[in-house]
There are 2 protein chains.
Amino acid sequence: MAGKRLTLADVARAAGVSKMTASRALRDAGDVSRESVEKVQRAAREIGYIGNPIAMSLSSQRTNLVGVVVPSASNIVFAEVLAGITEALSDSGFQPVIGVTDYDLDREAETIRSMLSWRPAGLIVTGLDQPEAARRLLEHAGLPVVQIMDTDGTPTDGCVGIAQTDAGAAMGRALLEQGRRRIGYIGCDLAGDTRATKRWLGFEAALAEAGVPLAGTLVADRSSSIAAGRQLTAEFLSQHTNIDCIYYSNDDIAVGGLFHCLHAGIPVPEEILLTGFNGLDLVEALPVPIATTITPRHEIGFKAAELILAAAERRSTRVDTRIELPTRIEMAAGFH
Amino acid sequence: MAGKRLTLADVARAAGVSKMTASRALRDAGDVSRESVEKVQRAAREIGYIGNPIAMSLSSQRTNLVGVVVPSASNIVFAEVLAGITEALSDSGFQPVIGVTDYDLDREAETIRSMLSWRPAGLIVTGLDQPEAARRLLEHAGLPVVQIMDTDGTPTDGCVGIAQTDAGAAMGRALLEQGRRRIGYIGCDLAGDTRATKRWLGFEAALAEAGVPLAGTLVADRSSSIAAGRQLTAEFLSQHTNIDCIYYSNDDIAVGGLFHCLHAGIPVPEEILLTGFNGLDLVEALPVPIATTITPRHEIGFKAAELILAAAERRSTRVDTRIELPTRIEMAAGFH
DNA sequence: ATGAAAGCGCTAACAT
DNA sequence: ATGTTAGCGCTTTCAT
């Protein structure tokens, strides 16, 4: 059991070549005879050699790591983004390393710093609006950085996301087109989520442009959840009358709102049209239709990882690419 | 910009001490005068030194990494387990490194192998029933391993979880106690999820013991989701009559079932009692009550990480601890 | 095509 | 309490 771990020297000895030849053979690093390659790879397999990425990284001054910083792991949206990243990275030899900030701005800089200390091949970070300290870290990182989810602003290096303000505005116009006029807004955790704030501002501006003021606003400093949506909706409707539409900061809260309406016997969407954001699977399965903006979560992750991969391949320290993905409004999402 | 990265030698020079003293001072490794510690830490801060964990790890032959292997990242259950792990690890100096297998048994061994190559301080792996190859890797890992979620079986080293078979049986008895007799079972993805299979077997055994056969069974080879639950329930109810209760392999599928019933106008829970597993927040917010078994997801992650930490602290290669956490049945979960 | 020497940035072990 | 000497396991560079 245990015993000392096998090293490259063991493989070299078993194959009857030098460490260098073994190293090259295992990496397909050219300039090795077919013969040697086979000998070495067979020897490695036979003795059960597993390379040591730590030593590899220290020696080569580069890692096969891609750092990913997201605000939440339990939010299905980021889980889907991560799935996209993982898919793009699979079979590339690169590994994602995930850091979670829990929407804590101080922890964000700390997390980024800690990722950078591993000198990853690239970094994927959520959002365009890091506080000063974090932004400085990204600027001086000296490696490819992709900021994701949002394209409203100036990225440090590259970005992949959607136009958040426009998305909010588009939904505002769409709701007006449906004839809704007594429109409320309910949001959670806006301090930590600048994307939601942008949508809200875009939404409000679109209504204002049509001369329709928001009929009411309820923003809670708590984290977004279905339960929060349910409670906030109950509170909101007890304070405002004749509301015919509510725009929520995301789908979770909107579904909570729907649960309140179902429980209270309020006809959805006839009396009140509920509107979320993201187009989660949950929403598509709802027994009653609500509106939402469908976002390409998986694709955002996939493309971001592709950009890092491409930069790593050409040994560049920059991505320098800006990708704005389209969104789509669905007025009656749900299974009906 | 960029330029060469600062190393320990730079700190030592700036502080006017040797590399060794600087190293010890930065790590609080004893045997350094208060004076030197301060000088070094100030120098490090001033020049903006960030340590290189790769070099540290290679030299010390140990890392601050804890490997975590889960079947799915987008499943909220594992996201909550990860949150527990992250919380236990925060401020410990250890970092989780996450690997996702997507319920693919081949990928599991590969993922474990890849985690092990980094020589983490410990490994947290989902489930007790790895296929042979993966199990061998764990046995020969030579580091603390904690298998999570399940305690029905023999762990390689330590485990933290719940008694899955018992949990299924307990729910079976509870439903009988409610007077339900025409009970169906609907499950998804049971090949990849041995825990769900154990619950099912326990459940069926409990019914059999009372002389009540399952009124029907529908198991789909697709991944678990709300949409799947909705479709499978529709299918199931079209095939079986007089069903008064359905046990689902988890909460997601049960919620899908509820959505079908709400849409079809079937009174829940009066006519049919729906039963999930986990006690997700989603379930607690539902407008109509369903039954579920509440599981300590967060705590499982937290305790597993604590075990790794404790083993690392005493420089042990084993955890050798088995923790079985209690579950609780709630017959009318939801907000009503 | 192969190998020898040097070193990546740090810490363990052993001085002093 | 501080410093010196050797590596950790690999790759880079430079010979051959």
Side-chain angles (χ1 to χ4, degrees), chain A residues 3-41 43-44 47-65 93 116-121 142 312 315, chain B residues 3-41 43-44 47-65 93 116-121 142 312 315:
Chain A
K4 263 199 70 38
R5 222 122 200 173
L6 295 171
T7 72
L8 192 56
D10 298 310
V11 179
R13 198 173 317 115
V17 298
S18 72
K19 271 172 41 178
M20 246 352 276
T21 302
S23 167
R24 291 196 262 249
L26 290 172
R27 286 176 297 145
D28 289 319
D31 278 351
V32 193
S33 65
R34 284 184 46 81
E35 218 181 350
S36 295
V37 172
E38 269 170 38
K39 266 194 312 193
V40 169
Q41 299 205 332
I47 67 176
Y49 170 73
I50 303 180
N52 182 336
I54 309 242
M56 266 175 60
S57 300
L58 182 62
S59 178
S60 65
Q61 300 286 72
R62 80 173 64 104
T63 66
N64 67 339
L65 267 23
L116 286 177
S117 76
W118 285 91
R119 277 133 241 225
R315 305 258 165 116
Chain B
K4 262 199 73 36
R5 222 122 199 174
L6 295 171
T7 74
L8 192 57
D10 297 310
V11 179
R13 196 173 317 114
V17 298
S18 73
K19 270 169 47 175
M20 232 12 256
T21 301
S23 167
R24 291 196 261 250
L26 289 172
R27 286 177 298 145
D28 288 321
D31 278 351
V32 192
S33 65
R34 286 184 45 79
E35 218 180 352
S36 296
V37 172
E38 269 170 39
K39 263 194 314 193
V40 170
Q41 299 206 333
I47 68 176
Y49 170 73
I50 303 180
N52 183 337
I54 309 240
M56 267 174 61
S57 300
L58 182 62
S59 178
S60 65
Q61 301 286 73
R62 80 173 63 103
T63 65
N64 67 339
L65 268 22
L116 286 177
S117 76
W118 285 90
R119 276 134 242 223
R315 304 257 165 117

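On a predicted model such as this, the values are computed, not experimentally measured, just so you know. Numbers restart at 1 for each chain; the letters A, B, ... are given by sequence-line order, proteins then strands.
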Query raised in the report: Heavy-atom distance under 4.5 Å between the side chains of A:R27 and A:R24, does that happen here?
Result: yes

Query - Minimum side-chain heavy-atom gap B:V32-B:V17 below 4.5 Å - result: no

Query - Contact nearer the 5' end of DNA chain D, comparing B:S36 with B:S60 - result: B:S36

Query raised in the report: Side chains of A:R119 and B:N52: closer than 4.5 Å at any heavy-atom pair?
Result: yes

Requested in this report: Apply side chain to side chain contact (heavy atoms under 4.5 Å, CB included) to the pair B:V11 and B:L6, showing each step before the final yes or no.
Outcome: CA-CA 8 Å; B:V11 179; B:L6 295 171; over 6 Å; no

Requested in this report: Under 4.0 Å between any heavy atoms, over every strand shown, what does B:S57 touch: base, sugar-phosphate, or nothing? Just pick one.
Outcome: nothing

**Report entry** Out of D:dA1, D:dT12, C:dT2, whichever nucleotide has its closest atom nearest the side chain of A:R27
**Finding:** D:dT12

Query raised in the report: Hey, does A:R24 reach any base, or is it just sugar-phosphate, or nothing, if we go heavy atoms under 4.0 Å?
Result: base

Requested in this report: Determine yes or no for a side-chain-to-main-chain donor-acceptor pair under 3.5 angstrom, with A:S59 supplying the side chain and A:A55 the backbone.
Outcome: no

Query - Of the listed nucleotides D:dT4, C:dA1, C:dA12, the one nearest the side chain of B:S18 - result: D:dT4

Report task. Measure the distance from CG on A:L58 to C1' on C:dG7 and round it to the nearest whole Å. Result -> 9 Å

Query raised in the report: Side-chain N or O of A:Q61 less than 4.0 angstrom from OP1 or OP2 on D:dC10?
Result: no

Report summary line: Here the distance between atom P of D:dT2 and atom CD of B:E35, to the nearest Å, is 8 Å

Report task. Ignoring the backbone of A:V32, work out which of C:dT2, D:dT2, D:dG9 is nearest its side chain. Result -> C:dT2

Requested in this report: Report the residue (B:G30 or A:S23) whose heavy-atom-nearest nucleotide on DNA chain D is the more 5′ of the two.
Outcome: B:G30

Report summary line: A:N52 CG to C:dC8 P, in whole Å, measures 18 Å

Query raised in the report: Backbone N or O of A:K19 within a donor-acceptor pair of the A:S23 side chain at under 3.5 Å?
Result: no

Report summary line: Taking D:dC8, D:dT11, C:dT2 as options, the one with an atom nearest any side-chain atom of A:S59 is D:dT11

Report task. Tell me which nucleotide among D:dG3, D:dG9, C:dT11 gets nearest to the side chain of B:K19. Result -> C:dT11

Report task. Would you mind reading off the distance between B:I50 atom CD1 and C:dC10 atom C1', rounded to a whole angstrom? Result -> 16 Å

Query - Under-3.5 Å donor-acceptor pair between A:R119 side chain and C:dG9 base - result: no

Requested in this report: Specify the separation, in whole Å, of atom CZ of B:R62 and atom P of C:dC10.
Outcome: 17 Å

Query raised in the report: For B:M20 and C:dA12, what is the distance between atoms CE and C1' respectively, to the nearest whole Å?
Result: 8 Å

Report task. Let me know the distance between CG of A:D28 and C1' of D:dT11, rounded to the nearest Å. Result -> 16 Å

Report task. Return the value, rounded to whole Å, for the distance between atom CZ of A:R34 and atom P of C:dT2. Result -> 13 Å

Query raised in the report: OP1 or OP2 of C:dC10 less than 4.0 angstrom from a side-chain nitrogen or oxygen of B:Y49, does that happen here?
Result: yes

Requested in this report: Go through C:dG3, C:dA12, C:dC10 for me and flag the one nearest to the B:L8 side chain.
Outcome: C:dC10

